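Order of listing sets the numbers, starting from 1, for every ligand and every atom in it. Since we're looking at a predicted model, the values are computed, not measured.
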Amino acid sequence: MDKLVETLLQGDHVGALSEARRLLALGIAPERIVTDGMETAMRRLDDKCTVESFNLLEIMLAGRAVSAVVNELYPEGAPPAQGRATFVIASLEGDIHDLGKNVTRMVLIGKGYRVVDLGKDCPVETLVNAAEREHADAVLVSGLITPVIPQVRKLRPALAARGLDGIKVVAGGAALKQATAEELNVDYVAETAFDGARYLEQLARRKTE
Ligand code: B12
């Protein structure tokens with residue numbers, strides 16, 4: 001795992017891919033590769049990505065290596081037209097971080113859900129429109145910067161204003177997981193993509209019972 005972390009930090013996407021393949025061949029679960037490998041590497045980039053100090057090239061190369069490994073771990077690609085449940089996901093307006101969102105999308109697609117990805121820097125209204133159009137069972141938001149929290153808090157009232165009160169709102173990402181569901185005005189705050197997937201799994205099960 002240390003070698004994977006090192007290659008990710010070096011932005012060596014070819015090396016990272018081969019380390020991820022080696023770990024998979026050893027029987028290490030993709031979930032551990034994400035939490036112990038990818039999340040550890042990105043946490044170590046913390047001091048290179050602050051408001052005061054910012055090394056864009058280094059972080060983007062590491063991000064590219066993370067994306068390459070995600071595509072290797074979860075190769076399902078495009079979401080199926082029909083899934084067990086439908087989710088819409090986005091990083092909200094003002095937030096351009098999307099690596100964690102992409103991991104979450106791939107994990108959920110891997111579990112057979114239909115996931116409509118609205119990308120990053122997405123206005124609340126666009127997300128609500130998509131939830132209505134796609135008959136979503138839940139709206140998922142990823143937030144990495146604290147200033148995006150007021151946007152997250154607007155989601156539930158915006159859904160209710162369209163009569164979509166039944167849709168669950170799930171939040172995740174480094175900035176949001178430091179807050180409670182109550183503070184964010186959401187139904188659930190996920191620690192990791194897998195924790196979020198377990199919560200959504202329970203919702204889908206309850207729906208079919
Ligand atoms: C990579 C990175 C960037 C990249 C983003 C590339 C990309 N395509 O995403 C770039 C270089 C663009 C960037 C820019 C900036 N960044 Co930056 N960035 C990071 C860094 C180093 C890693 C984030 C990451 O990708 N982690 C890896 C992923 C896999 O982890 P994750 O997102 O937590 O996701 C996991 C779970 O949380 C979960 N998850 C995530 N979302 C969701 C959603 C749902 C629904 C569920 C269920 C689960 C879930 O799933 C994942 C797997 O388990 C963090 C440091 C950190 N500790 O997070 C700073 C960090 C987030 N950035 C920060 C800052 C300040 C910035 C800038 C403002 C810097 C600047 N001077 O301009 C800009 C922001 C621009 C903007 N308006 O958004 C701060 C935010 C501080 C704050 N609390 O507000 C951090 C925390 C760094 C720091 N210590 O200060 N950044």
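Considering backbone and side-chain N/O of I89, none are found under 3.5 Å from N/O of ligand 1. Note: an N/O pair closer than 3.5 Å links I96 and ligand 1 by distance alone. Of the N or O atoms in A175, none lie within a sub-3.5 Å distance of an N or O in ligand 1. Checking only distances, T35 never comes within under 3.5 Å of ligand 1, N or O to N or O.
Nearest heavy atoms, A68 versus L17: O-CD2, 3.7 Å. The minimum heavy-atom distance between M1 and L23, with the atom names listed, is SD-CD1, 3.8 Å. The two residues T146 and A175 have their closest heavy-atom pair at N-CB, 3.8 Å.
Contacts of V66 with ligand 1, taken as heavy-atom pairs under 4.0 Å, are absent altogether. At a heavy-atom distance under 4.0 Å, atoms from both the backbone and the side chain of T192 approach ligand 1. Using a 4.0 Å cut-off between heavy atoms, S142 contacts ligand 1 through both its backbone and its side chain.
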Salt bridge (Lys or Arg N to Asp or Glu O under 4.0 Å) assessment of E6 paired with R44
CA-CA 10 Å; E6 276 318 310; R44 283 191 18 206; 3.0 Å; yes
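Hydrophobic cluster membership is shared by L26 and V34, with clusters built from Ile, Leu, Val, Met, Phe, Trp and Tyr side chains linked at under 4.5 angstrom.
For the side chain to side chain contact (heavy atoms under 4.5 Å, CB included) with F87, the lone residue among L203, V170, L108 that qualifies is L108. Here the options are N102, V141, T104, the test is side chain to side chain contact (heavy atoms under 4.5 Å, CB included), and the partner is I89; only T104 passes. Residue V139 is tested with D187, L164, L159 for a side chain to side chain contact (heavy atoms under 4.5 Å, CB included); the sole match is L159.
For ligand 1, the atoms closer than 4.0 angstrom to any heavy atom of G196 are 47 (C). Ligand 1 places these atoms under 4.0 Å from at least one heavy atom of D95: 78 (O). With ligand atoms numbered from 1 in the order given, ligand 1 contributes 76 (C), 77 (N), 78 (O) to contacts under 4.0 Å with heavy atoms of G94. Applying the 4.0 Å criterion to heavy atoms of L140 picks out, from ligand 1, the atoms 45 (C). Shown in contact with V170 at under 4.0 Å from a heavy atom are these atoms of ligand 1, numbered in order with element: 45 (C). Close contacts between ligand 1 and A174 involve ligand atoms 33 (O), 58 (O) [criterion: under 4.0 Å to a heavy atom]. For ligand 1, the atoms sitting less than 4.0 Å from at least one non-hydrogen atom of A190 are 47 (C), numbered in the order shown with element in parentheses.
Once rounded to the nearest 0.5 Å, the distance linking CZ of R153 with CG of L92 reads 13.5 Å.
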